[in-house]
Student: 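Structure below; questions to follow.
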Amino acid sequence: MMIEHLSSIDSAVLIGHVGAGSGIGREVCRILAREGATVVAADQNVKTAQETVATLEGAEHIALNIHVNDRNSVETGFKDVVKQFSKPPTIIVNSAGIVRDNFLVKLSDNDFDDVINVNLKGTFLLMQVAVKAMIEGNATKDSSIINMSSIVARGNIGQTSYSASKAGVIAMTKTASMEFGQLGIRVNAILPGFIDTPMTALIPDKVKEMFLKKIALQRLGKPQEVAEVIVFLASDKSSYINGASIEITGGLN
Ligand code: NAP
């Protein structure tokens, strides 16, 4: 998809992206920069975020260390960005996510909590801090938040905590879209299926083959195929899409 004009994405607009150091997040940064945006590439691993920034078109992009599950880290990160650019980011993409797969009866409290804290609470913290910064900066109009859910939100064997966290992201996105719509901020969720990234590289080949049989297009998705939809949701091309959950699965049954 070639986007000729993204009214809200130009060099004057700041993109806050957490989870930017890998997989889908890195690809989103690449495409947003290609479209002319200034990107704040944030990740818990600042080295990989810096590697992302080094590959981007344009000069003003920065890398930032943010732990999305830690309020202090998110608030400090946003303060630094507002200080540096004199305005808050108005497009927020949250690609930070983790898996700690295990059967329900074997799942530890720690693994359950880690996944909920990063995937669900992290999405909450990021939205809350970002929207407060937008309100303070008088920058809510035509803003867009894109949250990463998963098709696994409908349940998957061995993914109790992950599926619960991603189902929570869908509900929270819907609620946020209702609260923020009046401010001019759209909030949408993406539900990727099986995308070829470091996260899915850990899945055993046998399991992958089983899933391939269930995908109508008979292949894994590429990070770019998810990133293009995220960029569409960030742009004014999607100006009437709000509170939606969009599947990108190649037709997973
Ligand atoms: P990925 O390659 O593992 O990238 C996730 C990034 O998030 C990594 O750079 C990771 O850093 C970072 N991260 C993890 N915890 C963080 C935290 N607390 N604070 C800040 N950053 C953190 O994964 P991906 O496949 O691109 O997935 C991106 C998102 O899409 C995730 O939310 C995932 O659940 C979702 N998703 C992926 C698929 C898929 O098939 N790949 C399908 C559906 C949904 P480290 O490398 O240091 O851990």
Side-chain angles (χ1 to χ4, degrees), residues 16-31 40-53 63-78 92-101 111 113-126 129-130 145-156 159 161-170 172-173 188-203 207-208 211-212 214-215 217 219-227 229-230 233 245-250 252:
H17 192 118
V18 182
S22 179
I24 296 167
R26 178 167 279 180
E27 198 56 22
V28 173
C29 291
R30 187 184 68 78
I31 297 174
V40 176
D43 203 286
Q44 69 173 0
N45 185 339
V46 75
K47 196 164 166 280
T48 56
Q50 283 162 347
E51 285 165 12
T52 297
V53 166
L64 202 66
N65 184 216
I66 281 187
H67 292 260
V68 77
N69 50 312
D70 176 351
R71 172 177 289 281
N72 192 36
S73 168
V74 178
E75 285 179 345
T76 306
F78 267 79
I92 304 292
V93 185
N94 185 13
S95 292
I98 59 168
V99 284
R100 298 281 185 272
D101 294 347
D111 282 352
D113 291 346
D114 283 351
V115 170
I116 296 296
N117 280 333
V118 173
N119 298 2
L120 186 58
K121 190 175 179 197
T123 304
F124 154 68
L125 286 175
L126 196 66
V129 173
I145 299 175
I146 297 108
N147 293 326
M148 204 67 74
S149 177
S150 166
I151 198 65
V152 165
R154 67 190 186 194
N156 192 30
Q159 295 202 294
S161 52
Y162 185 78
S163 61
S165 73
K166 295 301 187 179
V169 167
I170 294 174
M172 199 158 58
T173 297
N188 292 293
I190 293 286
L191 282 67
F194 286 84
I195 313 300
D196 196 3
T197 71
M199 186 181 267
T200 46
L202 302 173
I203 299 173
V207 179
K208 262 189 203 157
F211 275 111
L212 279 175
K214 296 181 177 179
I215 299 170
L217 293 183
R219 63 173 177 84
L220 299 188
K222 301 176 197 142
Q224 186 184 345
E225 292 172 307
V226 178
V229 181
I230 292 173
L233 286 173
S245 300
I246 299 177
E247 293 186 9
I248 311 171
T249 68
L252 179 68

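Heavy atoms only: backbone and side chains are in, while hydrogens, waters and symmetry mates are out. Predicted model, so just to flag it, every value in this text is computed and none were measured. Start at 1 and go down the list; that is how both ligands and their atoms are numbered.
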Student: Tell me whether ligand 1 is touched by Gly193 - counting only heavy atoms on the residue side and a distance under 4.0 Å.
Tutor: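 In this structure, Gly193 qualifies as a contact of ligand 1 - some heavy atom is under 4.0 Å.
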Student: Please determine whether any non-hydrogen atom of Ser149 lies less than 4.0 Å from an atom of ligand 1.
Tutor: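 Ser149 counts as a contact of ligand 1 under the 4.0 Å cut-off.
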Student: If you count the atoms of ligand 1 from 1 in the order shown, which ones are under 4.0 Å from a heavy atom of Thr200?
Tutor: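 Counting from 1, the qualifying ligand atoms are 39 (C), 40 (O), 41 (N).
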Student: Is there a side-chain contact between Met148 and Ile190 (heavy atoms, below 4.5 Å)?
Tutor: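 The answer is yes; the side chains approach within 4.5 Å.
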Student: Determine, using heavy atoms of Asp43 and all atoms of ligand 1, whether some pair is separated by less than 4.0 Å.
Tutor: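 It does; at least one heavy atom falls under 4.0 Å.
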Student: List every atom of ligand 1 that sits less than 4.0 Å from any heavy atom of Val68, numbering the atoms from 1 in the order shown and giving each element.
Tutor: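 Reading through ligand 1 atom by atom, the close ones are 17 (C), 18 (N), 19 (N), 20 (C).
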Student: Give the single entry among Gln44, Glu27, Lys47 that approaches atom 17 (C) of ligand 1 most closely by any heavy atom.
Tutor: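 Residue with the shortest heavy-atom distance to the ligand atom: Gln44.
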Student: Return yes when Lys166 approaches ligand 1 closer than 4.0 angstrom through a heavy atom, no otherwise.
Tutor: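 Heavy atoms of Lys166 do come under 4.0 Å of ligand 1.
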Student: Polar contacts were defined as any N/O atom of the residue lying under 3.5 Å from an N/O atom of the ligand; does this apply to Thr197 and ligand 1?
Tutor: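 Thr197 vs ligand 1: N/O contact under 3.5 Å present.
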Student: A side-chain contact here means heavy atoms from C-beta on lying under 4.5 Å apart; do Lys166 and Val152 qualify?
Tutor: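 A side-chain contact under 4.5 Å is absent here.
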Student: Is the closest heavy atom of Gly122 to ligand 1 under 4.0 Å?
Tutor: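 No, Gly122 has no heavy atom closer than 4.0 Å to ligand 1.
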Student: Are the side chain of Asn65 and the backbone N or O of Asp43 linked by a donor-acceptor pair below 3.5 Å?
Tutor: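 At least one qualifying donor-acceptor pair exists.
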Student: Report the nearest protein non-hydrogen atom to atom 30 (O) of ligand 1: residue, atom name, distance rounded to 0.1 Å.
Tutor: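 Its nearest protein heavy-atom neighbour is Met148 CG, 3.0 Å.
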